[in-house]
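So you know, we letter chains A, B, ... as the sequences are listed, proteins then strands, and number each from 1. These numbers were taken from a predicted model, which means no experiment stands behind them.
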Amino acid sequence: MSLVAGDPLPGLRRLRFAPSPTGQLHIGNVRTALLSYCLTGTEGRFLIRIEDTDRERYIPEAVSGYLGTLAWLGLHWDEGPDIGGPCAPYTESERLEYYAEVASQLLDVGAAYRCFCSKERLEELRAAQKAAGQPTRYDRRCWRMTASEVEKEVDQGAEQVIRLLMPEGKSSWKDLVLGPQEFQNAEIDDQVLIKSDGFPTYHLAQVVDDHMMGITHVIRGVEWVPSTPKHLAVYSALGWAPPHFAHVPLVLGADHKRLAKRHGSGAVADYRAMGYLPEALANLIAFLGWSPGTEEEIFTLSELRTRMSFDRLQASPAVFDQQRLDHLNGVWIRRIPAADLASRLREFLPEADDPQLAQIAAMVQERIHRLDEVPDLVRFAFANPHPKSEELTGKLDPHIAQEFLERASALLDKGTGYLMEGLKSAAAATAPEDPQGAKRHVRECMQVVRVAITGQRVSPPLPESIDLIGIDVAKARLAEAMAVIAASV
RNA sequence: GCCCGCAUCGUCUAGCGGUCAGGACACCACCCUUUCAAGGUGGUAACCGGGGUUCGACUCCCCGUGCGGGUACCA
């Protein structure tokens with residue numbers, strides 16, 4: 001086995017997204033993934049790695065869900081657990097031997113030590129330190145054990161972990177987002193690298209894998225800033241060159257708290273179900289902490305990939321605004337071809353056939369913000385609405401409504417082409433003198449027909465709606481409406 | 001408690017010593033209009049506070065405040 005850095009394409013950027021399969025991909029995760037994907041650029045390689053080293057929180061089904069979400073967003077990867085690649089395997093639980101090997105190297109050079117302390121002792125230690133107002137850190141008791149004492153413990157099969165011996169001095173790096181960072185190593189705990197179950201912690205696995213996979217830039221959330229010195233210590237002890245680090249700020253909810261489940265649906269899969277387009281979501285997420293520096297605001301993923309750069313990444317946290325997402329989604333719905341919209345509508349309208357989908361797409365494209373608005377908007381096409389008399393007439397005199405419906409039915413004999421003009425002049429003929437009243441009267445008349453046809457006061461335009469259900473059905477609905485009104489007079 | 005970071009309209013942001021502090025979402029008004037949208041025009045709305053540095057600070061420095069992150073055999 002070799003621990004040489006995998007760098008199959010020297011000089012090119014290699015970025016990774018390395019989620020932990022513990023649930024569902026949330027906006028925050030996906031933001032990191034999107035930034036990594038975009039900052040990989042068109043020349044580099046983007047890879048996915050599964051960090052499944054926490055066996056207690058591990059959810060096996062999560063992996064395929066993650067990959068599905070990433071693919072839906074269009075974040076295509078060049079190497080990953082499903083497609084393999086030169087640095088396979090891309091799942092950490094399958095790379096245990098590497099971590100064990102590195103851990104023993106660290107032990108050999110004295111950069112790490114075995115620790116046999118029980119969890120109870122560690123808890124007591126922490127509690128005491130906290131009570132004394134001290135930072136909570138491991139007291140290195142096991143580090144002071146002699147070789148023979150350690151040997152004895154090992155021989156007895158005592159439960160052990162391997163801890164990093166945090167070196168003296170300072171750790172510093174030039175963060176691509178936050179700028180120069182410096183920490184006093186004395187303030188940093190001796191991190192556990194190998195847990196008692198033999199699995200590595202993130203801190204070891206991540207360093208080993210990023211090195212072996214030739215990762216050039218690590219993009220992660222700011223919650224990792226305080227542990228970066230630990231990672232730097234491991235790189236240094238092994239004589240490995242660390243990658244560039246870019247710590248991006250958290251995504252916040254409307255209450256300015258870290259975006260989480262309590263904000264409703266933070267899971268990306270839920271946004272898909274609500275009828276948001278991946279284009280819109282990616283567009284919005286990209287602007288959380290980044291902007292092109294111009295007044296452009298609509299970008300495709302591939303445009304983002306060519307335009308995005310580290311130096312325009314912002315260090316301040318951003319609030320995820322669903323109203324803005326609604327707007328952007330409307331923009332994107334209007335931007336894609338109607339045929340494309342039709343096929344995306346399919347999962348929201350399983351009862352519609354392809355020709356219907358095409359008609360529906362054309363008539364809703366300009367008026368929706370989310371795909372899930374469509375079923376309500378076109379419900380009339382799949383079920384007879386049977387509106388009640390008062391819903392039909394509204395504020396209109398029933399006799400006038402009646403007459404108007406009759407007129408509409410007659411006009412339909414000639415198709416829907418001249419329907420609106422005919423209706424308008426018919427309505428105008430019975431309108432009162434004053435201009436305001438006339439306007440209202442015409443509107444009310446039109447509404448009678450709309451309700452008769454669709455059962456709704458808000459619907460897509462009438463001619464298209466009628467074309468969707470067919471003239472015969474429309475005429476039947478008009479006849480029914482007239483009968484309903486007649487019965488109630 | 002200790003360590004670290006952040007701070008421009010309600011929100012996303014532009015700004016990188018001299019601007020009427022720009023754009024977008026949302027909101028309001030008007031126009032267009034068969035409803036709802038879309039579109040058009042206009043409007044309300046911001047540099048957290050205090051000290052410096054400077055001829056001049058939203059921009060640079062310090063302090064305060066607020067918000068956030070970390071402080072695990074979780075990532």
Side-chain angles (χ1 to χ4, degrees), chain A residues 18-22 51-54 56-57 115 117 119 122-123 126 129-138 159-163 175 177-179 181-184 187-189 191-203 205-206 220-228 247 249-250 252 254 256-258 284 287-298 314-328 330-331 334 364-369 373 377 419-421 423-424 427 439 442-447 449-451 454 456-463 465:
Chain A
S20 181
T22 55
E51 307 212 316
D52 56 346
T53 55
D54 182 351
E56 284 173 27
R57 297 200 305 155
C115 175
C117 290
K119 284 179 184 164
L122 295 176
E123 263 165 45
R126 263 196 290 274
Q129 288 168 332
K130 217 162 190 173
Q134 294 295 313
T136 53
R137 279 201 292 281
Y138 180 58
E159 198 163 79
Q160 59 163 303
V161 301
I162 295 177
R163 280 183 189 275
D175 198 278
V177 174
L178 303 176
Q181 300 292 304
E182 185 175 275
F183 282 84
Q184 300 295 328
E187 283 156 8
I188 298 174
D189 205 359
Q191 183 63 232
V192 169
L193 298 177
I194 300 278
K195 301 181 256 192
S196 55
D197 65 0
F199 276 76
T201 57
Y202 169 90
H203 305 280
Q206 182 258 166
R220 43 155 60 155
V222 287
E223 68 270 26
W224 294 107
V225 170
S227 45
T228 303
H247 290 96
L250 265 12
L252 273 24
H256 287 233
K257 301 283 183 205
R258 185 175 179 162
L284 180 81
F287 273 74
L288 260 27
W290 176 84
S291 88
T294 67
E295 285 180 357
E296 302 159 279
E297 54 173 7
I298 305 301
Q314 198 139 36
S316 51
V319 173
F320 179 82
D321 181 9
Q322 195 164 341
Q323 279 189 322
R324 195 179 171 80
L325 177 58
D326 282 340
H327 167 256
L328 238 26
V331 169
R334 276 170 263 130
V364 301
Q365 188 159 28
E366 273 204 355
R367 39 183 46 80
I368 55 169
H369 292 93
E373 294 166 36
L377 226 37
L419 177 67
M420 299 314 286
E421 301 212 4
L423 287 178
K424 265 188 275 184
K439 209 171 176 183
V442 170
R443 188 173 304 167
E444 281 303 307
C445 289
M446 302 303 246
Q447 283 297 77
V449 180
R450 180 182 308 286
V451 173
T454 68
Q456 303 159 210
R457 291 192 70 83
V458 172
S459 82
L462 270 175
S465 297

Trainee: Is the distance from OP1 or OP2 of B/A38 to the nearest side-chain N or O of A/H369 less than 4.0 Å?
Mentor: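 The answer is yes; a side-chain N or O of A/H369 sits under 4.0 Å from OP1 or OP2.
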
Trainee: Looking only at side-chain N and O atoms, does A/R126 come under 4.0 Å of OP1 or OP2 in B/C73?
Mentor: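 Yes, because at least one side-chain N or O of A/R126 sits under 4.0 Å from OP1 or OP2 of B/C73.
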
Trainee: Roughly, in whole Å, what's the span from CD in A/E296 to C1' in B/C25?
Mentor: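 After rounding, the gap between these two atoms is 18 Å.
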
Trainee: List the atom of A/P460, the atom of A/S465, and the distance in Å for their closest heavy-atom pair.
Mentor: O-OG, 3.3 Å

Trainee: Could you tell me the separation between the NE2 atom of A/H256 and the P atom of B/C67, rounded to a whole number of Å?
Mentor: 11 Å

Trainee: Encode nucleotides 61-66 of chain B as B, S and - characters from 5' to 3', where the letter depends on protein heavy atoms closer than 4.0 Å: B to the base, S only to sugar-phosphate, - to neither.
Mentor: ------

Trainee: B/G70 P sits how many Å from A/Q191 CD, rounded?
Mentor: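 Atom-to-atom, A/Q191 to B/G70, this comes out as 14 Å.
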
Trainee: In whole Å, what separates the P atom of B/U59 from that of B/C36?
Mentor: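 So the two P atoms sit 47 Å from each other.
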
Trainee: Return whichever of A/E366 or A/L122 has its heavy-atom-nearest nucleotide of RNA chain B closer to the 5' end.
Mentor: A/E366

Trainee: May I ask you to evaluate whether A/K195 reaches the phosphate of B/C74, defined as a side-chain N or O under 4.0 Å from OP1 or OP2?
Mentor: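 Result: yes.
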
Trainee: For residues A/T294 and A/E296, is any side-chain donor paired with an opposing acceptor at under 3.5 Å?
Mentor: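 Result is yes, a qualifying pair exists.
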
Trainee: According to a strict under-4.0 Å criterion, is A/R57 in side-chain N/O contact with OP1 or OP2 of B/A72?
Mentor: no

Trainee: Please name all residues satisfying side chain to side chain donor-acceptor pair (under 3.5 Å) with A/H369, sequence neighbours left out, ordered by chain then number.
Mentor: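 A/H369 satisfies side chain to side chain donor-acceptor pair (under 3.5 Å) with no residue once adjacent residues are dropped.
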
Trainee: Rounded to whole angstrom, note down the C1' distance from B/G15 over to B/U8.
Mentor: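 That atom pair is separated by 9 Å.
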
Trainee: Looking only at heavy atoms, which two atoms of A/T136 and A/K130 are closest? And how far apart?
Mentor: CG2-N, 4.3 Å

Trainee: Using ring-ring contact (aromatic ring centres under 6.0 Å, His included) as the criterion, list what pairs up with A/Y138, not counting sequence neighbours.
Mentor: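 Partners of A/Y138 by the ring-ring contact (aromatic ring centres under 6.0 Å, His included) criterion come out as none, since no residue qualifies.
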
Trainee: Find every protein N or O atom lying less than 3.5 Å from an N or O atom of nucleotides 40-44 of chain B, and list the pairs.
Mentor:
none

Trainee: Nearest whole angstrom, please: distance from the P of B/C74 to the CH2 of A/W224.
Mentor: 11 Å

Trainee: May I have the distance from A/D197 (atom CG) to B/A72 (atom P), rounded to whole angstrom?
Mentor: 18 Å

Trainee: Could you measure between the two P atoms, the one in B/G10 and the one in B/C30, and give it in whole Å?
Mentor: 25 Å

Trainee: If the condition is side chain to side chain donor-acceptor pair (under 3.5 Å), which residues does A/R450 pass it with, not counting sequence neighbours?
Mentor: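 Side chain to side chain donor-acceptor pair (under 3.5 Å) check on A/R450 returns A/Q447, A/S459.
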
Trainee: Apply side chain to side chain donor-acceptor pair (under 3.5 Å) to A/Q160 and list each qualifying residue two or more places apart in sequence or on a separate chain.
Mentor: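 Testing A/Q160 for side chain to side chain donor-acceptor pair (under 3.5 Å), a comparison that skips the adjacent residues, returns A/R114.
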
Trainee: Counting only distance, no hydrogens or angles, is the base of B/C36 paired donor-acceptor with the side chain of A/S459 under 3.5 Å?
Mentor: no

Trainee: What does B/G64 pair with, Watson-Crick or G-U, if both distances are under 3.5 Å?
Mentor: B/C48

Trainee: Looking at B/A24, does its base get a donor-acceptor pair with the side chain of A/R324 below 3.5 Å?
Mentor: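 A donor-acceptor contact between them is present.
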
Trainee: Please measure how far the P atom in B/C4 lies from the corresponding atom in B/C62, and state the result in whole Å.
Mentor: 13 Å

Trainee: Pull out every protein N or O sitting under 3.5 Å from an N or O of nucleotides 32-34 of chain B, one pair per line with the distance.
Mentor:
from  : atom 1 : to     : atom 2 : distance (Å)
B/U34 : OP1    : A/K424 : NZ     : 2.6
B/U34 : O2     : A/R450 : NH2    : 2.2

Trainee: Can a side chain N or O of A/T201 be found less than 4.0 Å away from OP1 or OP2 on B/C73?
Mentor: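 No, A/T201 has no side-chain N/O under 4.0 Å of OP1/OP2 on B/C73.
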
Trainee: Answer yes or no: does a side-chain N or O of A/K257 lie under 4.0 Å from OP1 or OP2 of B/C67?
Mentor: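 No, no such contact exists.
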
Trainee: Taking B/A7 as the reference, what is the distance to B/G39 when you measure between their P atoms (whole Å, please)?
Mentor: 33 Å

Trainee: According to salt bridge (charged side-chain N to carboxylate O under 4.0 Å, His left out), who are the partners of A/E187, at least two apart in sequence or on a separate chain?
Mentor: none

Trainee: Specify the separation, in whole Å, of atom CH2 of A/W290 and atom C1' of B/A14.
Mentor: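 Atom CH2 in A/W290 sits about 13 Å away from atom C1' in B/A14.
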
Trainee: Atom CG of A/L252 to atom C1' of B/G69: distance rounded to whole Å?
Mentor: 11 Å

Trainee: What interatomic distance, in whole Å, is found between C1' of B/C20 and the corresponding atom of B/G70?
Mentor: 44 Å

Trainee: Return the 5'-most residue of the pair A/V319, A/Y202 with respect to RNA chain B, ranking by each residue's nearest nucleotide.
Mentor: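 Mapping each residue to its closest nucleotide by heavy atoms, the 5'-most match is A/V319.
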
Trainee: So which nucleotide does B/U34 pair with, by the Watson-Crick or G-U wobble rule with both distances under 3.5 Å?
Mentor: none

Trainee: Specify the closest pair of heavy atoms between A/V222 and A/P226, including all atoms of both residues, with the distance to one decimal.
Mentor: O-CD, 3.8 Å

Trainee: Applying the Watson-Crick and G-U wobble criteria at under 3.5 Å, what pairs with B/A24? Answer none if nothing qualifies.
Mentor: B/U11

Trainee: Among residues at least two apart in sequence or on other chains, which ones pass salt bridge (charged side-chain N to carboxylate O under 4.0 Å, His left out) with A/R367?
Mentor: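 By the salt bridge (charged side-chain N to carboxylate O under 4.0 Å, His left out) rule, A/R367 matches no residue at all.
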
Trainee: Now, which nucleotide makes the Watson-Crick or G-U wobble pair with B/C55, with each of the two distances under 3.5 Å?
Mentor: B/G18

Trainee: For A/R57, give me all partners under side chain to side chain donor-acceptor pair (under 3.5 Å), at least two apart in sequence or on another chain.
Mentor: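 Here the qualifying residues are A/D54.
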
Trainee: Who are the salt bridge (charged side-chain N to carboxylate O under 4.0 Å, His left out) partners of A/R457, not counting sequence neighbours?
Mentor: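 With sequence neighbours excluded, A/R457 shows a salt bridge (charged side-chain N to carboxylate O under 4.0 Å, His left out) to A/E444, given in chain and number order.
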
Trainee: Starting at the 5' end of nucleotides 3-8 of chain B, put B wherever the base has a protein heavy atom under 4.0 Å, S where only the sugar-phosphate does, and a dash everywhere else.
Mentor: SSSSS-

Trainee: For A/T53 and B/A75, is the shortest distance between a side-chain N/O and OP1 or OP2 below 4.0 Å?
Mentor: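 Answer yes for this pair, as a side-chain N or O of A/T53 is under 4.0 Å from OP1 or OP2.
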
Trainee: Using Watson-Crick or G-U wobble geometry with both distances under 3.5 Å, which nucleotide pairs with B/A29?
Mentor: B/U41

Trainee: Please tell me if A/T136 has a side-chain N or O lying less than 4.0 Å from either OP1 or OP2 of B/A72.
Mentor: yes

Trainee: Partner of B/C2 by Watson-Crick or G-U wobble geometry, both contacts under 3.5 Å, or none?
Mentor: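 B/C2 is paired with B/G70.
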
Trainee: Could you measure between the two P atoms, the one in B/C60 and the one in B/U44, and give it in whole Å?
Mentor: 29 Å

Trainee: For atom P, what is the distance between B/C47 and B/C73, given to the nearest Å?
Mentor: 46 Å

